[in-house]
Visitor: 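The structure that follows is given in the form of structure tokens.
Order of appearance sets the numbers: ligands from 1, and atoms from 1 within every ligand. Basis for what follows: all heavy atoms, side chains included, without hydrogens, waters or symmetry-related copies. Along the sequence shown, residues carry numbers from 1.
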Amino acid sequence: MMPVFTEHFGNASSIHWFGQYAKALIDDARQQVAKLINAEVSEIVFVSGGTEADNLAIRGIAESLRSKGRQGRHIITSKIEHHAVLHTCGDLEKQGYEVTWLPVSVDGLVDPDDVVKAIRPDTILISIMHANNEIGTIQPIAEIGAIADKADIYFHSDGVQAMGKIPVDVRQLKVDLYSMSGHKIHGPKGVGALFVKKGTPLKPTMTGGGHERNRRSGTENVAGIVGFGVAARLAREGLNSEMNRVRELRDQLEAGLKSKIEAIHVNAENAPRLPNTSNIMVDCAEGEGLVIALDLNGIAVSTGSACSSGSLEPSHVLTAIGRTPDENHGSLRFSLSSMTTEEDVNCVLEAMPGIVERLRELSPHYKR
Ligand code: PLP
């Protein structure tokens with residue numbers, strides 16, 4: 001990214017060589033992002049991040065079909081989507097669309113049979129995330145994709161948490177639209193992409209100069225896209241070896257915490273899960289207190305989703321898997337990455353028991 005900031009100032013839309021050099025850099029990054037999910041380069045639309053990708057997918061389909069006179073106004077999604085999907089579908093609901101919010105099991109899984117039952121003649125879109133950002137549950141996307149394909153309904157999946165952490169093949173998953181974000185794979189923030197299967201109608205949410213094959217207007221963020229491209233390549237190259245290592249560390253962390261601290265549980269433990277996510281529920285310890293005490297020990301964790309931390313609203317994901325408000329407030333999310341080491345895990349295992357002990361002493365509910 002540094003040469004783009006300091007030397008290659010071209011605008012990718014310009015005909016002169018400065019511009020064409022920037023365009024070549026973007027083309028190269030597009031190829032890397034396409035390769036990560038087995039897409040064609042022409043099917044990758046660069047946007048400002050996962051939130052915009054979700055908005056473009058959902059609003060783009062809804063508005064495109066409406067402008068073509070299709071009567072359908074029904075959308076199917078789940079209760080555990082990221083707010084970028086939840087609030088977008090909620091907004092469409094206010095505009096007159098009907099939304100079915102599918103429940104999930106205690107392990108956070110959508111049942112494909114529920115998708116089948118929810119389909120109506122006027123259903124225009126199914127949007128189910130690939131992997132959940134709080135508990136890491138991986139949804140049966142290929143099964144749901146086959147259902148959507150058979151019913152001839154457009155299928156969007158928010159893949160922001162899944163891409164680069166598990167193998168993703170958009171052909172095999174049968175998705176028409178797939179959202180991605182750079183910063184979830186160590187790329188820069190403020191850049192992402194939407195996979196749009198060839199032939200999928202999509203009304204742009206951003207109109208203007210017709211960039212990105214008329215899918216998303218606005219001068220491209222060349223440095224961000226270049227960084228995202230490199231991150232996508234590194235993620236693909238290290239996918240199996242790195243993620244196996246991360247899964248082992250995650251398992252070590254969970255086993256260690258369970259052996260050192262009584263009355264803790266791993267949320268969605270038995271579901272297919274991302275290798276790097278661990279959501280731990282600590283009985284009779286207040287989540288915000290845990291976050292602050294761990295932070296003082298140099299350990300950064302979150303309660304609920306990062307976007308809503310800072311508020312004491314219970315997590316909608318933990319509520320959907322049946323956690324009570326108290327259980328919800330005692331839940332913590334650890335996110336590991338290819339940069340996490342065994343030393344990091346040991347640091348948590350050393351710090352956490354004492355912290356939990358102290359917080360439990362303050363709890364009126366804790367019985368020894
Ligand atoms: N979707 C999921 C599942 C996410 O985890 C996030 C970010 O945390 C987003 C969408 C939003 O992505 P961005 O922060 O790039 O807008």
Visitor: Is a side-chain donor-acceptor pair under 3.5 Å present for Thr205 with Asn55?
Guide: no

Visitor: So does Glu269 pair up with Lys258, basic N to acidic O under 4.0 Å?
Guide: yes

Visitor: Pull out every atom of ligand 1 sitting under 4.0 Å from any heavy atom of Asp54, numbered as shown with elements.
Guide: 1 (N), 10 (C)

Visitor: Mind listing the closest non-hydrogen atom pair of Leu92 and Ile75 along with its distance?
Guide: CD1-CD1, 3.7 Å

Visitor: Under 3.5 Å between any N/O of Glu52 and any N/O of ligand 1: does that happen in this structure?
Guide: no

Visitor: Show me which atoms of ligand 1 lie under 4.0 Å from any heavy atom of Met129.
Guide: 3 (C)

Visitor: Give the atom numbers and elements of ligand 1 that come within less than 4.0 Å of a heavy atom of Thr51.
Guide: 11 (C), 12 (O), 13 (P), 16 (O)

Visitor: Ring pair (Phe, Tyr, Trp, His ring centres under 6.0 Å): which pairs involve residues 90-130, sequence neighbours left out?
Guide: His130-Tyr178

Visitor: Check for me whether Lys189 has a heavy atom closer than 4.0 Å to any atom of ligand 1.
Guide: no

Visitor: Holding to salt bridge (charged side-chain N to carboxylate O under 4.0 Å, His left out), I want the full list of residues that pass it with Asp295, two or more places apart in sequence or in another chain.
Guide: none

Visitor: Which atoms form the tightest heavy-atom contact between Glu212 and Phe46, and what is the distance?
Guide: OE1-N, 2.7 Å

Visitor: For ligand 1, which atoms sit closer than 4.0 Å to a heavy atom of Gly49?
Guide: 15 (O)

Visitor: Could you tell me, atom by atom, which parts of ligand 1 come under 4.0 Å of a heavy atom of His183?
Guide: 13 (P), 14 (O), 15 (O)

